[in-house]
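See below for the structure under consideration.
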Amino acid sequence: MKMERNELARRLRGFLPPDAVIAEEEELRPYECDGLPAYRQMPLVAVLPHDAEQVREVVSFCHEEGIPVVARGAATGLSGGALPLADGVLLGLARLNRILEIDPLARTARVQPGVRNLAISEAAAEHGLYYAPDPSSQIACTIGGNVAENSGGVHCLKYGLTVHNVLELKVVTAEGELLTIGSAALDAPGYDLLALMNGSEGMLGIVVEVLVKLLPRPERAQVILAGFDEVERAADAVGAIIAAGIVPAGLEMMDNLAIRAAEDFVHAGYPVEAAAILLCEVDGTNEEVSEHTRRINELLREVGATEVRTARDEAERLRFWQGRKSAFPAVGRLAPDYYCMDGTVPRKALGEVLRGIARLSRFYQLPVANVFHAGDGNLHPLILYDANNPGELKRAEEFGAEILELSVRVGGTITGEHGVGHEKIHQMCVQFGPAELAQFRALKAAFDPEGRLNPGKAIPQPRHCSEYKALGDTRTPPALREGHE
């Protein structure tokens, strides 16, 4: 039997501080969505525990009462992964925001899940260290959310995603038990559950403490900006740089719509007439940065760059990156709404997929700005629409679905760092077969037998796949799907 809101709040206040339980409808409004506001749902109750023990008590109580729990960090996620449930508890972890230890000798930081991504690097800076993964939302997003989504950022090409930079997690299980997964040592015995927890979207356990690696700040970093008169030429340049044996710290691409939006917003000094730009950062010792900068300049000109500029100083380098990291809010000024996708494709398919996105844009009659991590093929098309116009949200969703399915067809995947959440659950049926999805469900059941942690996300049920596949090719003409005009 479903517990009423007031009764649930009363029971929770029996063991939580009064300010940790939110049950008034108006106070619950800020918790009804994450960074994907197209999908909203008011939780039954929201709780904001102060420490890991209170998290454990809440989860244990919900297990005993059969109440689902959705964990939430800063709610900057873009896949509806923290979308609440009408009959569930929204468990906010923002108050667990302490940096517990910086160990400069071991080059590690032990932090609570509510610590902001950027705050780790700020705290480690006095030791000449930093935390490498840097999502564009790093000023606001939290490390717990980064673990849940396996976030990356502009420097993930060289330094990896969250999973490559986390050593140990403390996790509360669905039953309220506290586990330590991983180790401060280089390896831990048994199966690699640490990798499994990164990107698990709060469905296998709730992270209450994280031990991350810190890296020494490189002696020097240099950014090269290149403009191109064709998007495909910029895509070709990505492959040329990697093929030359250079692994940049960051290799980012923006198309003209994104360039103009970012330049109007930040005044980064971007060439607004370019069809696309590449931002390529190399770091390391002074000697290797100088050599890589020289070679990349040559390669960019060889593949047809119309303009190549090296940042004159640190201020210009930071300004170039500010433009890229501000691209999402900048594009938000172009239309009342935008829908951000997150597919990943092989680098060799970048040109093909970008042409496909352009065709789909014409078909759906919705503009799209492309901003993405070109080095690892992680696309972030921003589909512009107006939810006040009847049918536009539906068209935007269908457009996004087509981009994800195109990514799969060229050998890619439906997500790179934003997670599956609620948004991409149907495309899981395209990415994986019935046997694979059955194994995913079995894995979920091993950690959460009753399915109480973030239910309904990431792993579709068979009926979802049957319903989605029944749509067939009705959304898009086959000629468009095959890449013909």
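Below, all heavy atoms of this structure are taken into account, side chains as well, without hydrogens, waters or symmetry copies.
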Sorted by chain and residue number, the salt bridge (charged side-chain N to carboxylate O under 4.0 Å, His left out) partners of Arg72 (sequence neighbours excluded) come out as none
Arg107 meets the salt bridge (charged side-chain N to carboxylate O under 4.0 Å, His left out) criterion, sequence neighbours left out, with none
Aromatic contact between Tyr39 and His422, with the criterion being ring centroids under 6.0 Å apart: yes or no?
yes
Practice problem: Please check if the distance between the ring centroids of Phe61 and Phe15 is under 6.0 Å. | Solution: yes
side-chain contact (heavy atoms from CB on, under 4.5 Å) test vs Asn370 passes for just one of Leu257, Val353, Ile357, Leu382, namely Ile357
- Item | Test log, rule side-chain contact (heavy atoms from CB on, under 4.5 Å), inputs Leu118 and Glu122 | CA-CA 6 Å; Leu118 185 59; Glu122 290 172 340; 3.6 Å; yes
Report task. Give a yes-or-no answer on whether the side chains of His380 and Glu417 include a donor-acceptor pair shorter than 3.5 Å. Result -> yes
Which of Thr76, Asn146, Asn117 passes side chain to side chain donor-acceptor pair (under 3.5 Å) with Gln138? Answer is Asn117
* Under 30°, 30 to 60°, or over 60°: which ring-plane class applies to Tyr270 and Phe320, parallel, tilted or perpendicular? -> tilted
Take the angle between the ring planes of Phe399 and Tyr364 and call it parallel below 30°, perpendicular above 60°, tilted in between. parallel
Is the closest basic N to carboxylate O distance between [X] and [Y] below 4.0 Å?
X	Y	answer
Glu252	Arg324	yes
Asp19	Arg95	yes
Asp134	Lys325	yes
Glu263	Arg260	no

For Cys465, the disulfide bond (SG atoms under 2.5 Å apart) test, sequence neighbours excluded, returns Cys429
Can you tell me if Leu179 has over 12 outside heavy atoms packed within less than 6.0 Å of its CG? yes
